[in-house]
Visitor: 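Handing you this structure, nothing more for now.
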Amino acid sequence: MAKKPNKLKARLPRGFVDRSADDIRATDEMIGKIRAVYEQYGFDPVETPAFEYTDCLGKFLPDTDRPNAGVFSVQDDDEQWMSLRYDLTAPLARHVSENINEIQLPYRTYRAGWVFRNEKPGPGRFRQFMQFDADTVGAPGVQADAEMCMMMADTMEALGMARGQYVIRVNNRKVLDGVLEAIGLGGEENAERRLTVLRAIDKLDKFGLEGVRLLLGEGRKDDSGDFTKGAGLPVEAQDKIIGFISGEAQLDNEGQTELDTMAGIFATCGYEADRIKIDPSVVRGLEYYTGPVYEAELLFDVTNEKGEVVQFGSVGGGGRYDGLVKRFTGRDVPATGFSIGVSRLMTALKNLGKLQTSEVVAPVLVTVMDGDTEALGRYQKMVQELRQAGIRAEMYQGNWKKFGNQLKYADRRNCPIAIIQGSDEFEAGEIQVKDLIEGKRLSAEITDNVTWRESRPAQLTVKRDALVETVRALLDSQADDRAQAEKA
RNA sequence: GCAGACGUAGCUCAGUUGGUUAGAGCGUCGGAUUGUGGCUCCGAAGGUCGGUGGUUCGAAUCCACUCGUCUGUACCA
């Protein structure tokens, strides 16, 4: 009773995805457009590795009980903990600190890279995803923050988003701190409660003013019936916060002055509220932002592949982090920067139709009729001629003896054209050039297989010398047809 | 982490009050067609019924635990 051996199950760790050719090409295109904006603004690239020593990354110090909480960590052979980076900001702070004597400040820099988070994945949330950051390190003034906001706006438009489809929302952490102080939550002893309040404010998009009020007070019950404990603030304090984040009340403090300065810069440069807007409910990055904070939000609804309408919300954000480099150097090195969630933004752009997903035409296929060395050389020569003429081409590399399979392969691969030369054609000095796209169209009208095979639809015979010009002409005409179809 | 729903072929799903050898459609592969894609027809492969344990003469079906997926929520540097 020999049991069948258990086959190994091919599977991907949850929260990770393979990327298709379309995805990779679309991402490259997107990154190119973003990079062009950053370069234009005078930023230079820098790259850091995926791994860092865990203590350099921030608050997740290696804890012997849970070294992998939130991050992916491994122990090096000298027992030091290393982690996969979870953002690009902490590694940048490390890089700048390590090279502080060589780097000319203010340092304007950008980088794209994969980051990793060891947490529960969800729809559109992965454990590996790409961020594209820009930072100005060593610039204390809010004019640097203002520039970042304008660059974010320009980036959104470079990606094809129209005015009104996105907005950059700006706030200042010092303003929020002032509000918290005003309701008696200042001081060390209230740090935990302050966090709860800030988290509640951050939920405004999701739950609305009423939901935020519940979270500021007793708490809120979610759709599954689970209860989230609130901050337990008295009603007067709730009123103050609600009044503030709904924009009814303002505070007169340093944060507000900074916001006013930034607003002035935006106005002078022509960035009106349809692009950049001061919004008192923006929170972001609770732990390390110290001044202005900003985020890019999409304003249009996105319909996902299941046909459900999803609010996309934030696709990127950043702020001022004056303390991050100081952790290493002891020197005050103020910095501001932001991060774009490339993978997330790409999903949105795809839904908006701003990304052509299959621009690339599949290669021309040179089929193999005869398998002797001499003939194989002839086929390969045709392929090389096409390639040298700048045309994507390949010779069939499967089992050539089943000719039908070669065309089936070409069909599934979406090849535009197949080249056929058997011994008859060879002796006549000719080749067959088969238009697979036109042929597919014609196939709808033919129901009987014998006719289909013998009529050889959309196939023409030309002299061997005319290979390149015939193929090129056919490709051009196919491209015209596509352009026509696009318009219609 | 917490709460809920759901796990049957590669995919989408049937499977009667617990009852022989667990089915269908799509897809895959082969053939009809040895030099022509599509259509049609014929055939084949493909399952530890998520896993473990229990109840039972008998479990895909009932029970417990566990793993995984999905939804909401918490956390999110």
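Throughout, a chain's letter reflects where its sequence line sits, starting with A, and its residues are numbered from 1. From a predicted model like this one, the values you see are computed outputs, not experimental measurements.
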Visitor: Would you indicate what A:G404 reaches in the nucleic acid, counting non-hydrogen atoms under 4.0 angstrom: base, sugar-phosphate, or nothing?
Guide: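 Sugar-phosphate contact only - A:G404 comes under 4.0 Å of backbone atoms but never of a base.
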
Visitor: Answer yes or no: are there more than 12 heavy-atom neighbours, outside A:Q75 itself, under 6.0 Å from its atom CD?
Guide: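 Yes, the 6.0 Å shell around CD holds more than 12 heavy atoms from other groups.
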
Visitor: Below the 4.0 Å mark, does B:C76 have OP1 or OP2 next to a side-chain nitrogen or oxygen of A:R199?
Guide: yes

Visitor: Between atom CH2 in A:W400 and atom P in B:U34, what is the gap in whole Å?
Guide: 15 Å

Visitor: Identify whether any heavy atom of A:R412 sits under 4.0 Å from a base atom; if not, whether one sits that close to sugar-phosphate; answer base, sugar-phosphate or nothing.
Guide: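 Sugar-phosphate, no base atom in range.
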
Visitor: Quick one: is the NZ or CZ of A:R378 closer than 6.0 Å to the six-membered ring centre of A:F426, and within 45° of its axis?
Guide: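 Ring-cation test returns yes.
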
Visitor: From CZ of A:R14 over to P of B:G50, roughly how many Å is that when rounded to an integer?
Guide: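 Distance, rounded to whole Å: 20 Å.
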
Visitor: Side chain of A:Q432, base of B:G35: donor and acceptor closer than 3.5 Å?
Guide: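 Flag unset: no donor-acceptor pair detected.
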
Visitor: Can you check the A:K120 NZ to B:C70 C1' distance for me, whole Å?
Guide: 9 Å

Visitor: Hey, where does RNA chain B pair up into stems, meaning at least three consecutive Watson-Crick or G-U pairs with distances under 3.5 Å?
Guide: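 When the pairs of RNA chain B are grouped into runs of at least three, the stems are B:1-7 with B:67-73, B:10-13 with B:23-26, B:28-32 with B:40-44, B:50-54 with B:62-66.
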
Visitor: Can A:Y288 be said to stack with the base of B:A77, given centres closer than 5.5 angstrom and planes under 30 degrees apart?
Guide: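 A:Y288 vs B:A77: stacking no.
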
Visitor: Any side-chain heavy atom of A:M148 within less than 4.5 Å of one from A:T136?
Guide: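 The answer is yes; the side chains approach within 4.5 Å.
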
Visitor: Could you pull out all residues at least two apart from A:F132 that satisfy ring-ring contact (aromatic ring centres under 6.0 Å, His included)?
Guide: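 Expected list: A:Y38, A:Y110.
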
Visitor: Any base atoms under 4.0 Å from A:L442, or only sugar-phosphate, or nothing? Heavy atoms, all strands.
Guide: nothing

Visitor: For A:K408 and B:U28, what is the distance between atoms NZ and C1' respectively, to the nearest whole Å?
Guide: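 Interatomic distance, NZ of A:K408 to C1' of B:U28: 10 Å.
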
Visitor: With a cut-off of less than 4.0 Å, is there a side-chain N or O of A:K203 near OP1 or OP2 of B:C75?
Guide: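 Yes, such a contact exists.
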
Visitor: Salt bridge (charged side-chain N to carboxylate O under 4.0 Å, His left out) for A:R194 and A:E188? Distances and angles first, verdict last.
Guide: CA-CA 10 Å; A:R194 278 205 298 274; A:E188 267 310 301; 5.1 Å; no

Visitor: Assess whether atom CD of A:Q380 is packed by more than 12 heavy atoms of other residues, nucleotides or ligands within 6.0 Å.
Guide: yes

Visitor: OP1 or OP2 of B:A3 less than 4.0 angstrom from a side-chain nitrogen or oxygen of A:K221, does that happen here?
Guide: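 Answer is no, no contact under 4.0 Å.
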
Visitor: By nearest heavy atom, map A:R125 and A:W452 onto RNA chain B; which one lands nearer the 5' end?
Guide: A:W452

Visitor: Using atom P of each nucleotide, how far apart are B:C49 and B:A59 to the nearest Å?
Guide: 12 Å

Visitor: Using the P atom in both, what is the distance from B:G25 to B:U69, to the nearest Å?
Guide: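 Roughly 31 Å separates the two P atoms.
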
Visitor: Quick one: on RNA chain B, does A:F207 or A:E445 contact a more 5' nucleotide (nearest heavy atom)?
Guide: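 Whichever sits nearer the 5' end wins; that is A:E445.
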
Visitor: Rounded to the Å, how far apart are A:K434 NZ and B:G35 P?
Guide: 14 Å

Visitor: Salt bridge check, A:R284 against A:E295: does any charged N sit closer than 4.0 Å to a carboxylate O?
Guide: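 Yes, this pair counts.
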
Visitor: Nearest to the side chain of A:K440 - B:G37, B:A74, B:G30?
Guide: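 Between B:G37, B:A74, B:G30, the one nearest the side chain of A:K440 would be B:G37.
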
